[in-house]
Structures are given as structure tokens and as C-alpha cells.
Amino acid sequence: MAFGNKSSDSSVKDGVETMKTIRVGLVSLAFIIFAVMIIIVAMLINKNAEVKKLEEEMKKEPVVTASMIEQQLVNCSELTAAELNYRGVIRVEKGQIPIIDKNSFFMIYNAKVKAGIDIADAKIDVSEKEVVVTLPETEVLSIDIDPSSIEMYDEKQSIFNPSGKQDAIDAMNFAIEDVNKNADLGELKNRAELQTRAIIQGVLEPTLGGRTLVIKYDSSLNGDTESTEGDSTEAVDSTEKTE
């Protein structure tokens with residue numbers, strides 16, 4: 001009888017230990033599930049905060065500074081220039097005394113004229129409602145004479161070449177003087193101004209955060225220009241081709 005009681009007590013103890021183990025396991029599992037849930041909730045809260053922060057940033061107006069706009073203008077400066085291909089035919093007279101030193105001849109040449117603005121001279125003012133870009137007035141930026149295109153004819157229509165360095169320099173000066181006098185530089189500058197305005201509007205307006213873009217011109221921003229003088233020239237005929 002005593003042996004039977006001992007066996008029964010041992011079974012009970014084993015059952016109690018098993019229940020305790022199961023209970024501990026359930027508590028641990030519940031703790032783990034609770035911890036995981038806390039982590040998930042924290043991640044969701046953090047993600048929601050990031051989304052809200054991003055939405056707030058997107059609602060804010062973009063930061064617009066004068067230096068940022070200036071850099072954008074520099075990047076598109078080459079696109080603002082307008083070009084004119086010009087072919088000139090001129091009659092040139094050199095010297096003062098007939099027979100002794102006075103002679104005349106015809107000269108044909110090709111030139112490329114570029115008009116536009118110097119972006120480096122632009123002024124930018126940024127306010128909450130508008131961006132004002134003040135530009136120098138469009139001007140002739142360069143006159144490039146193609147030396148290989150120069151042809152000279154005497155009064156008898158026979159071709160001849162410049163006889164020396166000074167003659168070559170004079171020929172270039174005659175050509176530049178003719179371009180300044182007879183090429184339609186006014187139309188070229190007008191076209192450059194329209195082209196400049198259109199390009200600046202296209203580049204800047206999408207980046208101003210709703211601000212109004214105002215483009216002005218101020219001749220006081222232009223640098224000094226030099227005129228070219230030479231001997232007497234007279235335009236005979238010319239052709240122009242714009243680009």
C-alpha cells in the first residue's frame with residue numbers, strides 16, 4: 001500500500017511540473033507576441049511620422065536664391081545668342097592722291113555675327129512673390145570674318161591677293177566696318193532678345209515655386225562698346241542668312 005501511494009504522489013508532482021512548464025511557456029510566448037506588437041506599432045508610428053514630414057516638405061515652397069537662379073542662367077547662356085551669316089561685297093578706296101597713292105578695289109568676304117547678352121552682367125532680385133531678372137540690352141557680341149573667304153578684285157575685275165600683313169589687317173577692318181554699317185544688326189538683336197526671354201522663361205518659371213517672373217532690360221549694365229573705323233568703304237551687294 002505504501003508503494004502505491006508513492007507512485008501516485010510522483011505522478012501528481014510530474015503533472016504539476018508539466019503545468020508549470022506550460023504556464024511559463026505561455027507567459028513567455030505572450031511576452032514575445034506583446035513585444036513584437038510594440039515594435040510593429042512603433043514602426044508604423046515612425047513611418048506615419050515620416051510620411052507626414054514628407055508631405056509637409058512637399059507643401060513648402062522650394063527655396064529660391066539669387067545664386068541658384070544665376071547658375072541656371074549661366075547654364076543656358078550659350079542658347080540665348082542669335083547668329084547671322086553675312087556675305088558682303090564692298091568697294092574700297094585707299095589713299096588720297098590719284099595715280100600716286102589712291103586706288104580702289106572690290107572685296108568679297110563671309111562673316112558670322114553673334115548677338116546676345118552677357119549673362120554675367122545680369123542682376124537677380126528674389127522676393128516672396130516675384131523674381132526680377134534685370135538683363136543688359138542685347139548687343140553684338142562678336143563679328144568673325146572668315147579670312148579664307150576674302151577675295152579682292154581691282155577695277156578691271158582681275159583677282160589679286162593682299163600683298164602684305166598690313167593689307168590683310170586692312171581687309172579684315174574693311175569687312176568689320178562694312179558689317180557694322182550695312183548688316184541688319186537691329187533685327188539680329190531683336191531676335192536675340194526674344195530668344196533670350198523665351199529661354200529664360202522656359203528654364204526658370206518651373207523652378208520658382210509659384211513666384212512671378214519679371215524680366216527687365218537695363219542699358220546701364222552693358223559694358224563699353226568700341227567702333228571700328230577705317231578707310232572709305234561702300235557696300236555694293238550683300239546677302240544675309242540667320243540662324
Side-chain angles (χ1 to χ4, degrees), residues 61-88 90 109-150 169 171-230 233 235 238-243:
E61 292 185 350
V63 177
V64 179
T65 64
S67 59
M68 180 195 76
I69 294 176
E70 182 179 353
Q71 185 59 50
Q72 288 178 301
L73 293 179
V74 169
N75 291 340
C76 69
S77 59
E78 289 296 324
L79 302 176
T80 63
E83 290 187 353
L84 168 70
N85 287 328
Y86 183 85
R87 182 171 176 80
I90 56 177
Y109 67 92
N110 293 332
K112 178 174 286 187
V113 188
K114 183 180 292 186
I117 62 171
D118 188 348
I119 291 291
D121 293 332
K123 291 175 57 180
I124 298 103
D125 295 301
V126 180
S127 65
E128 293 183 0
K129 295 184 178 180
E130 65 181 16
V131 172
V132 180
V133 178
T134 306
L135 304 171
E137 291 185 350
T138 54
E139 58 186 350
V140 174
L141 300 176
S142 63
I143 300 175
D144 295 322
I145 310 298
D146 180 6
S148 64
S149 71
I150 296 177
I169 294 174
M172 298 291 285
N173 289 335
F174 294 149
I176 292 174
E177 180 186 3
D178 180 56
V179 170
N180 281 316
K181 284 184 177 180
N182 300 302
D184 193 354
L185 301 182
E187 190 278 335
L188 178 65
K189 289 189 285 186
N190 288 338
R191 186 160 54 85
E193 181 176 326
L194 293 175
Q195 186 169 309
T196 298
R197 180 181 292 272
I199 290 175
I200 290 177
Q201 287 175 335
V203 171
L204 293 186
E205 283 184 342
T207 68
L208 301 183
R211 294 175 176 83
T212 301
L213 176 62
V214 178
I215 299 176
K216 298 180 178 180
Y217 289 87
D218 185 353
S219 60
S220 67
L221 298 178
N222 291 78
D224 294 332
T225 57
E226 296 182 358
S227 59
T228 303
E229 297 181 356
T233 62
S238 62
T239 57
E240 298 180 1
K241 181 180 179 182
T242 57
E243 292 183 351

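- For the pair Tyr86/Asp178, a side-chain contact is recorded, criterion being any heavy-atom separation below 4.5 Å from C-beta on.
- Partners of Ser142 by side chain to side chain contact (heavy atoms under 4.5 Å, CB included), not counting sequence neighbours, listed by chain and number: Lys114, Asp144.
- Taking each heavy atom of Glu193 and Tyr217 in turn, the nearest pair found is CG-OH, 3.2 Å.
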For side chain to side chain contact (heavy atoms under 4.5 Å, CB included), just list the numbers for Val214 and Asp125, CA-CA rounded to whole Å, side-chain angles, deciding distance to a tenth of an Å, and then say yes or no.
CA-CA 10 Å; Val214 178; Asp125 295 301; over 6 Å; no
Test log, rule side chain to side chain contact (heavy atoms under 4.5 Å, CB included), inputs Val131 and Leu204
CA-CA 9 Å; Val131 172; Leu204 293 186; 5.5 Å; no
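- With rounding to the nearest 0.5 angstrom, the CG atom of Leu188 is 5.5 Å from the CG atom of Leu84.
- Among all heavy-atom pairs drawn from Ile200 and Leu213, the shortest one is O-CD2, 4.2 Å.
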Starting from the C-alpha separation in whole Å, work towards a yes-or-no answer on side chain to side chain contact (heavy atoms under 4.5 Å, CB included) for Lys123 and Val132.
CA-CA 8 Å; Lys123 291 175 57 180; Val132 180; over 6 Å; no
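- Listed by chain and number, the residues in a side chain to side chain donor-acceptor pair (under 3.5 Å) with Ser148 are Asp146 (sequence neighbours excluded).
- Here the NZ-CD1 distance, from Lys181 to Ile176, works out to 13.5 Å after rounding to the nearest 0.5 Å.
- The CD atom of Gln195 lies 11.0 Å from the CD1 atom of Ile117; values are rounded to the nearest 0.5 Å.
- Atoms CG and CD1, on Asn173 and Ile145 in that order, are 9.5 Å from each other to the nearest 0.5 Å.
- Looking at Ile150 and Met172, their side chains come closer than 4.5 Å, going by heavy atoms from C-beta outward.
- Contact record, Glu83 with Lys112: OE1-CD, 3.7 Å, taken as the closest heavy-atom pair.
- Annotation: side chain of Leu73 is in contact with side chain of Ile124 (closest heavy-atom distance under 4.5 Å).
- Atoms CG and CG, from Asn180 and Leu185 in turn, are 6.5 Å apart once rounded to the nearest 0.5 Å.
- Smallest separation of non-hydrogen atoms from Lys189 and Ala115: CG-CB, 4.1 Å.
- Of all heavy-atom pairs spanning Ala192 and Thr138, the tightest one is C-CG2, 4.1 Å.
- Between Tyr109 and Val179 the shortest side-chain heavy-atom distance falls below 4.5 Å.
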